[in-house]
Amino acid sequence: MKNYDAIVIGGGPAGLAAAYNLKSDGKSVAVFENDLWGGTCPNRGCDPKKMLLSGVEARDRIAQLQGKGYSDIPFMNWRDIEQFKETYTSKIPSGSKGGLDSAGIDTFHGDAKFISENEIQFDNETFHADNFVVATGQHPSILNIDGSENLLTSNEFLSLKQMPKSITFIGAGYIAFELANIANATGAEVHLVHHNDRPLKAFDSEFVDDMVSQMKSRGIKFHFNVNTKQVVKNDDGYTLVGDDFKLNTDLIICATGRVPSVEGLDLDAAGIEYSAKGIQVNENLQTTNKNIYAIGDVIAKSEPKLTPVGGFEAKYATDYLLDKIKEPISYPAGPTLVYGSPKLAKVGVSVPEAEAEPDKYRIVSSNLTSWFTYYRLNEPVAKSKIIFDKNQQMVGATVLTEQADELINLLTIAIDKKISNAEYTKMIMGYPTVASDLQYLI
């Protein structure tokens with residue numbers, strides 16, 4: 001039997017952060033990973049997706065200036081940009097494992113499972129630890145329909161060596177919108193199929209409708225209220241079948257969400273309670289087995305399941321484990337983004353939440369399209385909805401613009417630090433930028 005002070009299950013961003021924090025305190029640490037070292041985000045998620053989206057952003061800038069300095073709008077060369085993406089992702093697994101090795105953290109690759117409250121089994125060997133941190137993340141879900149074996153997921157999309165002439169996405173969440181915009185920029189015929197008529201339901205419906213309208217203007221075809229029943233493989237591609245609906249396409253990507261990666265861990269053997277939403281944790285990120293913590297996307301939580309959130313939880317959980325802090329976890333304001341064309345982002349109190357409590361919140365809507373920051377780029381639409389409480393303090397924001405990722409971060413700081421308009425106007429920002437505009441929003 002091998003003994004450690006702490007064992008981390010999951011070698012993604014959250015797990016790695018936890019392992020390094022524990023090791024820096026002098027603990028003996030081992031990390032187990034059954035897939036790619038580095039986890040989803042840098043290998044098959046945010047990072048490679050954002051590299052591909054850089055091509056979409058470049059094309060959009062040119063398209064917006066058509067007739068204003070540019071004439072032709074080039075399509076994104078998929079093979080070239082996919083190879084560019086590979087120059088980054090190909091180094092992640094070895095780099096992630098190499099970092100652990102250099103730090104003196106033991107690494108094991110393969111499936112591990114709990115066999116008791118303080119032991120796991122790996123390759124017919126038993127490993128004991130005083131504490132465990134479960135950070136196994138999530139993986140794409142697949143519809144349980146006839147022909148599901150014909151469906152690919154975002155994992156396969158991000159590694160396609162050739163973009164098909166036509167491609168269909170099932171779903172209308174973050175992943176479907178983002179990948180649809182990437183495929184569209186290559187010149188592919190893109191379809192998006194959804195089981196109801198309300199995509200991105202966590203966001204303001206008006207801004208979502210604006211986003212859909214812009215995507216339609218780029219040629220993306222939406223098929224709402226289609227309940228996919230079957231996927232049939234034929235000689236020249238696939239047929240998606242729904243109620244009174246058929247669509248022939250070269251490739252189908254299932255983007256209907258992600259599920260916690262808990263299968264095979266045998267959590268019951270360790271006394272860990274969990275559900276379809278993830279592992280149950282308390283205010284200290286302890287599972288129902290107090291010596292075992294869970295962090296990142298694998299836990300059931302209301303906070304967005306995002307890489308920065310997982311990193312924040314890793315720091316908190318290990319500091320609590322090491323008796324460096326005693327108070328419950330308290331999350332700061334955290335933004336969430338849809339990298340579409342344009343981008344959609346929100347932070348804090350959402351528009352639907354504010355609309356449900358008009359006595360508590362005030363919503364200030366602004367059309368920013370004519371503001372110089374957006375006018376100079378000829379953006380087709382730029383809007384914001386800022387939410388204030390009864391003390392006139394900004395508590396939430398939703399923005400729709402090509403520069404939403406930059407703007408939402410500034411708004412997040414203003415919300416989290418409770419910066420007032422009077423305080424912000426005492427600062428001098430570079431002009432003209434989204435930062436210099438902030439004084440007119442908060």
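Note that the structure is predicted; figures quoted are calculated from it, not measured. Quick note: numbers below take in every heavy atom, side chains included, and nothing from hydrogens, waters or symmetry partners.
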### Inter-residue atom distance Gln138.CD - Ser261.OG, 0.5 Å rounding
7.0 Å

### Task
State, yes or no, whether a side-chain contact exists between Ile170 and His194 at a heavy-atom distance under 4.5 Å.
no

### Message
Treating Ser141 as the side-chain partner and Gly257 as the backbone partner, does any N or O pair qualify as donor plus acceptor under 3.5 Å?
### Response
yes

### Query
Under 3.5 Å, side chain of Asn289 to main-chain N/O of Ala270, donor-acceptor pair present?
yes

### Message
Measuring from atom CD1 of Ile252 to atom CG of Leu247, what distance do you get when rounded to the nearest 0.5 angstrom?
### Response
7.5 Å

### Query
Does the Lys23 side chain pair with the main chain of Gly104, one donor and one acceptor, at a distance under 3.5 Å?
yes

### Message
Checking the side chain of Ser102 only, and the main-chain atoms of Gly99 only, is there a donor and an acceptor separated by less than 3.5 Å?
### Response
no

## Note on the structure
The side-chain hydrogen bond (donor to acceptor under 3.5 Å, both in side chains) partners of Ser154 (sequence neighbours excluded) come to none

### Message
If I compare all heavy atoms of Ala188 with all of Pro164, which pair ends up nearest, and what's the gap?
### Response
CB-O, 3.5 Å

#### Entry: Heavy-atom donor-acceptor pair, Ser96 side chain to Pro93 backbone, under 3.5 Å
no

### Message
Between Tyr293 and Asn284, do the side chains contain a donor N or O and an acceptor N or O under 3.5 Å apart?
### Response
no

### Query
Can you tell me if Lys85 uses its side chain to pair, donor with acceptor, with the backbone of Leu158 under 3.5 Å?
yes

### Task
Please lay out, stage by stage, how Phe32 and Phe127 fare under the test ring-ring contact (aromatic ring centres under 6.0 Å, His included).
CA-CA 11 Å; Phe32 291 76; Phe127 293 75; 5.1 Å; yes

### Message
Do Leu368 and Leu441 make a side-chain contact, defined as non-hydrogen atoms from C-beta onward lying under 4.5 Å apart?
### Response
yes

### Task
Check whether the side chains of Asn118 and Asn291 place a donor and an acceptor atom closer than 3.5 Å, and report yes or no.
no

### Message
Less than 3.5 Å apart, any donor N or O on the side chain of Asn150 or Ser148 sitting next to an acceptor on the other?
### Response
no

### Task
Check whether more than 12 heavy atoms from other residues, nucleotides or ligands sit under 6.0 Å from atom CZ of Phe84, and answer yes or no.
no

### Query
Distance only, no hydrogens: is a donor on one side chain within 3.5 Å (strictly under) of an acceptor on the other, for Asp47 and Tyr88?
yes

### Query
Is there a salt bridge (Lys or Arg N to Asp or Glu O under 4.0 Å) between Asp209 and Arg198 once you walk through the steps?
CA-CA 9 Å; Asp209 288 344; Arg198 181 68 174 91; over 6 Å; no

### Task
May I have all residue pairs that pass side chain to side chain donor-acceptor pair (under 3.5 Å) and include part of residues 173-190, sequence neighbours excluded?
Lys49-Glu178, Tyr174-Thr336, Asn181-Ser341, Glu189-His191

### Query
Should the pair Lys324-Asp25 be classified as a salt bridge under the 4.0 Å nitrogen-to-oxygen rule?
yes

### Message
Can you confirm whether Ile408 sits close enough to Leu337 that some side-chain heavy atom of one is under 4.5 Å from a side-chain heavy atom of the other?
### Response
yes

### Query
Take atom NZ in Lys91; do more than 12 heavy atoms of anything else shown fall under 6.0 Å from it?
no

#### Entry: Result of checking Thr136, Thr287, Leu285 against Ile279 for side-chain contact (heavy atoms from CB on, under 4.5 Å)
Thr287

### Message
Please find the pair of heavy atoms, one from Gln393 and one from Lys418, that lie closest to each other, and give the distance.
### Response
NE2-CA, 3.4 Å

### Message
Would you say Asn43 and Thr89 are linked by a side-chain donor-acceptor pair, where the criterion is simply a distance under 3.5 Å?
### Response
no

#### Entry: Pair Arg258 + Asp297, salt bridge at N-O below 4.0 Å
no

### Message
So if I apply the side-chain contact (heavy atoms from CB on, under 4.5 Å) rule between Phe157 and each of Ile175, Ile182, Leu152, which one comes out positive?
### Response
Ile182

### Summary
On a heavy-atom basis, the closest approach of Ile415 and Ala333 is CG2-CB, 4.1 Å

### Query
Does Phe203 have Lys346 sitting over its ring (NZ/CZ under 6.0 Å from centre, angle to axis within 45°)?
yes

### Query
Any side-chain heavy-atom pair from Phe169 and Val193 closer than 4.5 angstrom?
no

### Task
Return yes if some donor-acceptor pair links the side-chain N/O of Glu125 with the main-chain N/O of Phe122 below 3.5 Å, else return no.
no

### Query
Looking at residues at least two apart in the chain, or sitting in another chain, which of them share a ring-ring contact (aromatic ring centres under 6.0 Å, His included) with Tyr374?
none

### Message
Looking at Lys113, I want to see if its NZ is surrounded by more than 12 non-hydrogen atoms of other residues, nucleotides or ligands under 6.0 Å.
### Response
no

### Query
Below 4.5 Å, heavy atoms only, C-beta onward: do Val347 and Val399 meet side chain to side chain?
no

### Message
Is it the case that the side chains of Thr239 and Asn234 hold a donor-acceptor pair, with the cut-off being a distance below 3.5 Å and no angle test?
### Response
yes

### Message
With a 4.0 Å cut-off on N to O distance, would you call Glu57 and Lys343 a salt bridge?
### Response
yes

### Query
Could Lys385 and Glu206 be called an ion pair, given the rule that one side-chain N must be under 4.0 Å from one carboxylate O?
yes

### Query
Given Thr412 and Lys417, is the side-chain contact (heavy atoms from CB on, under 4.5 Å) satisfied, shown in steps?
CA-CA 8 Å; Thr412 298; Lys417 301 305 179 183; over 6 Å; no

### Query
What's the shortest heavy-atom distance between Met215 and Phe177, and which atoms?
SD-CD2, 3.4 Å

### Message
Is it true that, when you exclude Gln162 itself, more than 12 heavy atoms of the residues, nucleotides or ligands shown sit nearer than 6.0 Å to its CD?
### Response
no

### Message
Quick one, Leu52 and Trp78 - any side-chain contact, counting heavy atoms below 4.5 Å?
### Response
yes

### Task
Answer yes or no: is there a side-chain heavy-atom contact under 4.5 Å between Leu192 and Pro199?
no

### Task
Mind listing the closest non-hydrogen atom pair of Ile272 and Asp268 along with its distance?
O-OD1, 4.2 Å

### Query
Where the side chain of Asp5 meets the backbone of Ser28, is there a donor-acceptor pair that is under 3.5 Å apart?
yes

### Query
Judged by atom type as modelled, is there a donor-acceptor pair below 3.5 Å linking the side chain of Ser159 to the main-chain atoms of Glu156?
no

### Query
Between Leu200 and Val338, does a side-chain contact (heavy atoms from CB on, under 4.5 Å) hold up when you go through it step by step?
CA-CA 9 Å; Leu200 298 172; Val338 182; 4.0 Å; yes

### Flag if over 12 foreign heavy atoms under 6.0 Å of CZ, Arg79
no

### Task
May I ask you to test the Asn196-Phe224 pair for a side-chain heavy-atom distance under 4.5 Å?
no

### Task
Taking only Lys NZ, Arg NE, NH1 and NH2, and the carboxylate oxygens of Asp or Glu, determine whether Asp236 and Lys165 approach each other closer than 4.0 Å.
no

### Task
Mind listing the closest non-hydrogen atom pair of Lys305 and Ile299 along with its distance?
NZ-O, 2.9 Å

### Query
Between the main-chain N or O of Val434 and the side-chain N or O of Gln403, is there a donor-acceptor pair closer than 3.5 Å?
no

### Message
Please tell me whether Asn282 and Gln286 have a donor and an acceptor in their side chains that are separated by less than 3.5 angstrom.
### Response
yes

### Query
Regarding His195 and Asn227, is there a side-chain donor-to-acceptor distance under 3.5 Å anywhere?
no

### Message
Could you tell me if Glu313 and Tyr331 have a donor-acceptor pair between their side chains, going purely by distance under 3.5 Å?
### Response
yes

### Query
Can Tyr20 and Ile105 be said to form a side-chain contact (heavy atoms from CB on, under 4.5 Å), step by step?
CA-CA 8 Å; Tyr20 283 123; Ile105 298 171; 3.9 Å; yes

### Query
Is it the case that Lys383 places NZ or CZ above or below the six-membered ring of Phe207, under 6.0 angstrom from the centre and within 45 degrees of the axis?
no

